[in-house]
Amino acid sequence: MPISFYNSLSRRIEPFSPQDPQRVTMYLCGPTVYNYVHIGNARGPVVFDVLARLLRRHYPQVVYARNITDVDDKINAAAQAQGVEIGAITGKFAQAYRDDMAGLGIAAPDLEPRATDHIPPIIAMIERLIAGGHAYAAEGHVLFDVSSYPSYGNLSGRDTEELIAGARVEVAPYKKNPADFVLWKPSTPDLPGWNSPWGIGRPGWHIECSAMSEAHLGETIDIHAGGIDLLFPHHENEIAQSTCAHGGKVFARWWMHNGMLTFDGRKMSKSLGNVLLVHELLKTHPPEALRLRLLSGHYRQPLDWSDNAIAQAVSTLDGWYRVLRDVADIELPAGDLPVPGSVEAALCDDLNTPQALAELSQLADLARQHRSPEAKAALLGGGALLGLLQQEPEMWFKRGGSAVDAAHIEALLQQRLEARSARDFARADAIRAELTALGIAIEDSAQGTRWSVMKS
RNA sequence: GGCCAGGUGGCAGAGUGGUCAUGCAGCGGCCUGCAAAGCCGCGUACGCCGGUUCGAUUCCGACCUUGGCCUCCA
């Protein structure tokens, strides 16, 4: 099945094919680890996790790198504020990040390069840029010379003139051109630093991704992904650095950008303060509902986050898991789960996850009606490609079971059964009301009475 | 101000030049001791104004409006 994606570089949907038919290379800009991430930060990782799953079905090898930025001014500030080494900060939050991502059902990337492990390649790349006339040292800094790269601005649709004229930030005196950006900056003794030809310093943010991408995936990669807010200046700068360091070779053949998550109508961001941490949300909501919500809009569109939206996702999953519970006794066919063509086709069409979810609903209807091994396998297979329906139905409905006293509930259900047998419906209904008060919903079925934790 | 992306039924959210999105919620019926679940059915949705067209939510233009980027940011 052919795959097409929107390419931010050409601004159109193009049929996808990797440079090497045997191997797809993909890079996603990862977090700067100085704090817990919010749910908006998780949208890209979830969306591109689905992309990686799709690509792995189509190509023998997919090398997916998601970096960790572990040297940065904000990290320095956090470390100084707490009086610890930066490693204490970055180690803690890198692990928190992995935990959060795993909690959302995101498969670990193949590679997780860290900036501080790549100082020599970063320095080497900067040296190449200087040698090629694309960068210059000034007052302990090394800056990229934007005027040396005429295509600067192609990705974001800006021209250099405009950037110079519209510069809103105070221009550092050592810059030749206001749009020039830093590749290397000096460090003071109280800050982390590495020896370099330009003195003790640390890398600028943009060069890290260029160097790590080159080190692990080569000079030209197939897909570079990230949030739309990184389009400029981050990705624009990466293109400039990598292209100039590689003698004009194409840096990334596809650029894919996910839209922003909004909350209260505004972009969710740390600087606006309207954030919900993944770490916290995972404690209070079923993780798959969070994931479903993130996939319920097309990845390039903005997506609004709200309690109501989470509740709707929970209800949707309730319906699907009810089907799976109804077919729990049906044996799956031997072998790997199949991937239904309808779900795959939706994803092959520029990763149309809302369409894929609509197809999944159809598969749930079919499984409920047919109760066949094939229909059950199709539902589970479609879910698996999206990273959904990954738990046992009973676990889903018991919501992990930690907060409820299952034995007490079963006892009440037994009493209700006895009351009903005696046709004492007043008592039976009283027991049901008691369960409702405990937050337990019940269903009488041919197989007996089932209970589940009501959605919060 | 410049560049970019949107405005779809109660909510969420795809898509398309002319019979259907889908989910959640709601309403009616069947079923049920009653519920729940399930099944059947229901709602004349595409910002506004023009234009193109036999026909536009879908194409074109103006307008109104929301958001993103231009600074760290997924």
Side-chain angles (χ1 to χ4, degrees), chain A residues 8 11 28-32 34 37-48 66 69 72-74 153 156-159 161-163 165-170 179 205 225-236 257-262 265-272 275 292-306 308-320 322-323 325-326 346 349 352-362 364-365 368-369 419-420 423-426 428-429 432-433 436 441-446 449-452 454-455:
Chain A
S8 302
R11 301 188 191 185
L28 173 68
C29 290
T32 299
Y34 65 97
V37 294
H38 60 73
I39 189 70
N41 294 306
R43 188 177 187 190
V46 167
V47 161
F48 297 116
R66 188 182 67 199
T69 293
D72 175 89
D73 289 349
K74 286 179 178 170
S156 56
R158 288 154 219 270
D159 65 56
E161 301 277 320
E162 229 170 63
L163 288 168
R168 299 196 318 195
V169 242
E170 206 174 322
W205 176 40
I228 188 73
D229 54 346
L230 297 186
L231 189 95
F232 186 89
H234 186 54
H235 291 161
E236 196 72 74
H257 291 98
N258 62 276
M260 296 293 98
L261 198 71
T262 59
R266 303 294 306 278
K267 171 187 176 185
M268 186 180 286
S269 76
K270 287 171 193 164
S271 44
L272 287 173
V275 301
L292 173 60
R293 176 60 192 163
L294 290 175
L295 293 174
S296 66
H298 185 89
Y299 76 95
R300 287 193 278 120
Q301 297 294 90
L303 183 74
D304 194 53
W305 194 264
S306 67
N308 181 246
I310 303 173
Q312 289 190 15
V314 172
S315 293
T316 300
L317 284 164
D318 276 343
W320 294 342
R322 254 192 309 265
V323 174
R325 190 173 56 179
D326 285 344
D349 178 16
N352 192 336
T353 55
Q355 185 61 45
L357 293 168
E359 300 298 346
L360 206 57
S361 283
Q362 302 309 302
D365 284 343
R368 180 167 49 228
Q369 287 157 18
R420 291 178 71 214
R423 303 195 65 78
D424 181 355
F425 296 121
D429 290 350
R432 182 166 60 201
T436 303
I442 65 172
E443 281 173 46
D444 294 328
S445 76
T449 300
R450 293 166 164 161
W451 62 274
S452 54
M454 286 190 285
K455 53 191 169 242

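Computation of the quantities below employed the complete heavy-atom set of this structure, encompassing side-chain atoms and omitting hydrogens, waters and symmetry-equivalent molecules. Chain letters run A, B, ... following the sequence lines, proteins first and then strands; every chain starts at 1.
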So, does the side chain of A:Arg322 form a donor-acceptor pair with the base of B:A37 at under 3.5 Å?
no

Any strand is fair game: report the nucleotide pairing with B:G26 by Watson-Crick or G-U wobble, both distances under 3.5 Å, or none.
B:C42

The side chain of A:Arg11 is closest to which nucleotide in this list: B:A35, B:A25, B:C4?
B:C4

For the side chain of A:Arg420, starting at C-beta, report the closest nucleotide among B:G33, B:A35, B:A74.
B:G33

A:Lys74 has its side chain closest, among B:A14, B:A74, B:C72, to B:C72

Using purine N1 to pyrimidine N3 plus N6-O4 or O6-N4 for Watson-Crick, or N1-O2 and O6-N3 for G-U wobble, both under 3.5 Å, which nucleotide pairs with B:C31?
none

Please assess A:Asp444 against A:Arg432 for the test salt bridge (charged side-chain N to carboxylate O under 4.0 Å, His left out), listing each intermediate value before the final yes or no.
CA-CA 11 Å; A:Asp444 294 328; A:Arg432 182 166 60 201; 5.0 Å; no

Nearest-angstrom distance, C1' atom, B:U52 to B:U57
16 Å

Less than 3.5 Å between a donor and an acceptor, one on the side chain of A:Asp429 and one on the base of B:G33, is that the case here?
yes

Using Watson-Crick geometry (N1-N3 plus N6-O4 or O6-N4) or G-U wobble (N1-O2, O6-N3), each under 3.5 Å, B:A5 is paired with B:U66

OP1 or OP2 of B:A74 less than 4.0 angstrom from a side-chain nitrogen or oxygen of A:Lys267, does that happen here?
no

Between B:G28 and B:G33, how far is it from one C1' atom to the other, in whole Å?
22 Å

A:Ser361 has a side chain; which of B:A74, B:G23, B:C4 sits nearest to it?
B:G23

Can you tell me which residue among A:Leu294, A:Val275, A:Thr262 is in a side-chain contact (heavy atoms from CB on, under 4.5 Å) with A:Trp305?
A:Leu294

